[in-house]
Amino acid sequence: MDALLRPGRFHARAGRPYARRTAFAWAGLVSPVAGRLDHYRGLDAIRALDSFRDLTLWVRPGGILTPTVDDTGYPGAVTLAHPVEDILLRDLLTVRHLDGPHLYALSASAVSPAMSATSAMTPSGSGTRGGGADRGSARRTSCHRRQGDDF
């Protein structure tokens with residue numbers, strides 16, 4: 001903002017060392033399975049992480065879960081933030097470890113072909129998985145200093 005609103009201050013501070021106060025990461029959950037979601041397993045372990053800040057679920061129990069193939073298919077996302085980057089990275093790797101087929105408990109009820117990965121309906125019946133543009137555009141897990149690296 002200084003570059004735009006206070007260019008003199010910006011130029012005076014440019015090149016000087018600074019301390020980052022918080023490392024931040026956002027991780028989309030990646031579903032490898034399809035079916036009607038009965039419940040999630042292990043969300044309490046994610047919520048217990050030192051850097052945990054938020055968990056957003058777009059596919060709720062009873063909703064149709066499809067394999068994640070792009071940015072519009074995340075069933076949920078985790079937001080992490082911590083002043084110690086190593087703690088944030090440890091927690092980010094823990095989220096990646098916990099995410100997988102074991103995170104998603106599917107219902108025994110059958111899923112019709114109309115509810116396949118290409119035509120999944122949200123619980124609200126909108127015909128989309130919740131608008132991928134609202135969920136962020138980064139396909140990969142990202143970290144403040146290591147933007148774009150895969151973990």
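These values consider heavy atoms only, across backbone and side chains, with no hydrogens, waters or symmetry-generated copies.
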Can you tell me how far apart [atom1] ([X]) and [atom2] ([Y]) are? Round to the nearest 0.5 Å.
X	Y	atom1	atom2	value
Leu65	Leu103	CG	CG	9.0 Å
Leu37	Leu106	CG	CG	6.5 Å
Phe10	Leu4	CZ	CG	10.5 Å
Asp99	Tyr40	CG	OH	9.5 Å
Asp44	Leu98	CG	CG	11.0 Å

*Check the hydrophobic clustering (I, L, V, M, F, W, Y; side-chain heavy atoms under 4.5 Å; chains of links allowed) and say if Leu89 and Ile87 are grouped together.*
no
_Over 60° means perpendicular and under 30° means parallel, so tell me whether His97 and His102 are parallel, tilted or perpendicular._
tilted
Might you point out which heavy atoms bring [X] and [Y] nearest each other, and give the distance in Å?
X	Y	answer
Leu57	Leu29	CD2-CD1, 4.3 Å
Leu80	Phe52	CD2-CA, 3.8 Å
Gly28	Arg96	O-NH2, 2.7 Å
Ala105	Arg41	CB-NH2, 3.4 Å
Val95	Ala27	CG1-CB, 4.4 Å

*Under the salt bridge (charged side-chain N to carboxylate O under 4.0 Å, His left out) test, residues paired with Asp50 that sit two or more places apart*: Arg90
*Under the 3.5 angstrom rule, does the side chain of Asp91 hit a backbone N or O of Ser51 as a donor-acceptor pair?*
yes
*Determine yes or no for a side-chain-to-main-chain donor-acceptor pair under 3.5 angstrom, with Thr68 supplying the side chain and Gly73 the backbone.*
yes
_The test is side chain to side chain contact (heavy atoms under 4.5 Å, CB included); show your working for Tyr74 and Val30 and say whether it passes._
CA-CA 6 Å; Tyr74 296 129; Val30 179; 4.2 Å; yes
